[in-house]
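Down below is the structure, laid out as structure tokens.
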Amino acid sequence: MTRGSGRRRIQLHHTRDGWLFVAPVLLILGLFLVLPVLMAAWVSVSDWHGNGSPFASGVGFVGLDNYRSILSGGGLAERDFGTSLRNNLYYVVLVVPLQTALALFLAVLVNQRALRARGFWRTAFYFPSVTSSVAITVLWLFLFSTTGAVNRLLSFVGIHGPNWFQDPDGLVHLLLGRLGVDSAPGALADHGAIGITWWDWLAGPSVAMTAFVAMAIFTTSGTFMLLFIAALRNIGEETDEAGLIDGANSWQRFRYLTLPQLRPTVFTVVTLGLIGTWQVFDQIYTGTQGGPAKTTLTPAYLSFSSAFNNQQWGQGAAIAFILFAIIVVLTLGQRWLLRERS
Amino acid sequence: MRRRRGAWWAYLVLAVLAIGYIAPFLIEVATSFKTDPEAASSPLSLIPATPTTAAYRTLFVNSQLPLWFANSVLVTVVVTLGRVLFQSLAGYALARIPFRGRAAIFAGLVAVMAVPNVVLLIPKFLVINTLHIYDSYAGMIIPLLADAAGVFIMKNFFESIPSSVEEQARIDGAGTFRLFWFVVLPMARPAVMTTVILSFQGSWNELNHFIVASQSPSLYTLTKGVAQLASGALSQGTQYPVKLAAAALMTLPLAVVFFVFQRRITNTTSGAVKE
């Protein structure tokens, strides 16, 4: 046997072994991730209503009808989709900056040089992140009930707390109400987008949604704190000490020496936050099913309930794909921004 | 002197924040031992005035919680074992076996990781239904057996260990699988533990996959059962002690794992996501 054919045989062995080793993962991901996406792509352009196989001969191709009915149909489907986008948008706008800022603040506190019991603090802040969203939602329903812990705390400072999870009033509308603006100015009430008026777009997150916002911050700040801690350790203390020698105070050192070096991590945390906050599902399923008055409806939950509760499988799949597009655009946008900076 | 004063207020801020993060769980446990009226009248107190285990008795006697618990344990154990085996095999192949198509598979895995989970709810149901494994343990377990992120953790680890040991074993004539099983995997204990913890946490907390993969009450896991409890399945009235007892029970196994492996978790989670 020549040397060349021996090497080729080893190469063949490698190829066989390699494919055998990755086969289980490929098979499962192919079957339950790639294939489903392709099937759903078909369903989103079909008139399948949940009976039998979506590939049966009676199921018709309807082009972009499902997408049209949720984006411009003028009916309930469009209004629901618009409402869910609005709700989720306010959720994202509140949760992402707050959780990022809090996570960074916690990391800086926990990472101080002279701190004792570092492990204890880290554990305390991280524990909510490991528990299930179902358990936390159940806890939240109690804490934010009419007679719950939060309202009791508020009563100590003389505030009569709302019935959080039953309160559909938007924060911006409430604020405007205080200023005497109770109903929509004509221009805002007469025009709109995706089935709801500009006045409703501007409602702000409902009181119920703000309770979910608080929950998201409570459960994710710990995870992101760990990312920031790892980044702070990589930076090390040399630049900080240099700043100390130059007489910069601790805020100046943080703002001008540490923060610029944390930029990549901030971007990572913001991206992960954006991706995660557009996928709110478990909490809504467990807690409110979209209520009160649909103000906690999110696209992820709407996609599920359109299909499983209302048998509108085509619309449900179409919503899922629009959501997918939103998340992909955000991810690519972040990649692009990062490349510009570095 | 200055630094000490700085530390003083830092501890105060930390303590206030820590209370905010811990108190909800203490209230959860305390309330689970209260009566319904007391849960409503003193929602903040950490010591029940008239302690009672009624909530736990309701859960164990009048609800399906023991069944949910058993289902959660079964699914979690099988998923964790399967994931660890499959993703270490795949991670090893991607790190160490130079085979044709490796680059393509790697690129495919990266792309697949970007697909958000909730987008797959309807599609996963369609496939599970088509394969006739809807409403069965198979449908609940098999789709969870592979996780692209776990493959990367294992791949990164295998790339970090020196290949000299394997080369020695290879010269001794060991086949690739024997080599993997008896030589490489035992060396990978730290990475295996990391993936065990992550899979355990992931499958114990999993909800939306089970919603679309099954419907019979006999297949309910804790997440699904407790979610239904939350919307008032068992009860007249609010029954907060019962609900919070259920939440506390489902958190307990995670809390145990968390405190046992605390150091590893808070160190590796950041390592795993960092990339």
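Each chain gets a letter, A, B and so on, in the order the sequences are listed, and its residues count up from 1. Just the heavy atoms: all of them, side chains too, but no hydrogens, waters or symmetry mates, feed the values below.
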Distance, nearest 0.5 Å, that separates [atom1] of [X] from [atom2] of [Y]:
X	Y	atom1	atom2	answer
A:F142	B:T31	CZ	OG1	4.0 Å
A:T131	B:Q201	OG1	CD	8.5 Å
B:L144	A:I28	CG	CD1	9.5 Å
A:S132	B:W204	OG	CH2	10.0 Å
A:L33	B:K124	CG	NZ	8.0 Å
A:R152	B:S45	CZ	OG	9.0 Å

Closest-packed option against chain A by number of heavy-atom pairs under 4.5 Å, given B:A248, B:A90, B:G82: B:A90
For B:I122 and A:A307, which heavy atoms make the closest approach, and how far apart are they?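 Heavy atoms of B:I122 and A:A307 come nearest at CD1-CB, 3.5 Å.
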Identify the two heavy atoms, one from B:A230 and one from A:L141, that lie closest to each other, and give their separation to 0.1 Å. CB-CD1, 4.2 Å
Is chain A contacted by the side chain of [X], its backbone, both, or neither, given a heavy-atom distance below 4.5 Å?
X	value
B:S41	backbone
B:T130	side chain
B:F177	both
B:A255	both
B:L222	neither
B:N129	neither
B:L120	side chain

When you compare the side chain of [Y] with that of [X], does any pair of heavy atoms fall below 4.5 Å?
X	Y	value
A:L29	B:L109	yes
A:V134	B:M250	yes
B:F99	A:D17	no
B:I105	A:V25	no
A:W48	B:L126	yes
B:I211	A:F281	yes
B:V118	A:F324	no
A:F21	B:I97	yes

Given a strict heavy-atom distance threshold of 4.5 Å, which part of [X] is in contact with chain B: side chain, backbone, both, or neither?
X	result
A:T288	neither
A:F120	side chain
A:L27	neither
A:L38	neither
A:Y285	side chain
A:I229	neither
A:R16	neither
A:F224	neither
A:V280	neither
A:L26	side chain

So, the side chain of B:N208 versus the backbone of A:D282: is there a donor-acceptor pair under 3.5 Å, distance only? no
May I ask you to decide if B:R100's main-chain N or O and A:W19's side chain share a donor-acceptor pair within less than 3.5 Å?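 Yes; at least one donor-acceptor contact below 3.5 Å.
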B:Y240 and A:L143: side-chain contact (heavy atoms from CB on, under 4.5 Å), yes or no, with the steps? CA-CA 10 Å; B:Y240 283 120; A:L143 293 178; over 6 Å; no
Parallel, tilted or perpendicular: which describes the rings of A:Y126 and B:F258, with under 30° parallel and over 60° perpendicular? tilted
With chain B, which of [options] has the greatest number of heavy-atom pairs at distances under 4.5 Å?
options	value
A:V22, A:L153, A:N151, A:L20	A:V22
A:T286, A:L35, A:V37, A:L139	A:L139
A:P128, A:G316, A:G148, A:A300	A:P128

May I ask you to check whether B:F125 and A:F304 place their ring centres under 6.0 Å from each other?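 Ring centroids of A:F304 and B:F125 are no less than 6.0 Å from each other.
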Name the one of B:V127, B:I128, B:L121, B:V119 that satisfies side chain to side chain contact (heavy atoms under 4.5 Å, CB included) with A:P36? B:V127
Sequence neighbours excluded, which residues qualify as side chain to side chain donor-acceptor pair (under 3.5 Å) partners of B:T223?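 If we apply the side chain to side chain donor-acceptor pair (under 3.5 Å) test to B:T223, skipping adjacent residues, the hits are B:T221.
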Could you give the side-chain donor-acceptor pairs of residues 14-25 of chain B under 3.5 Å, partners two or more places apart or in another chain?
residue : atom : partner : partner atom : Å
B:Y21   : OH   : A:S221  : OG           : 2.6

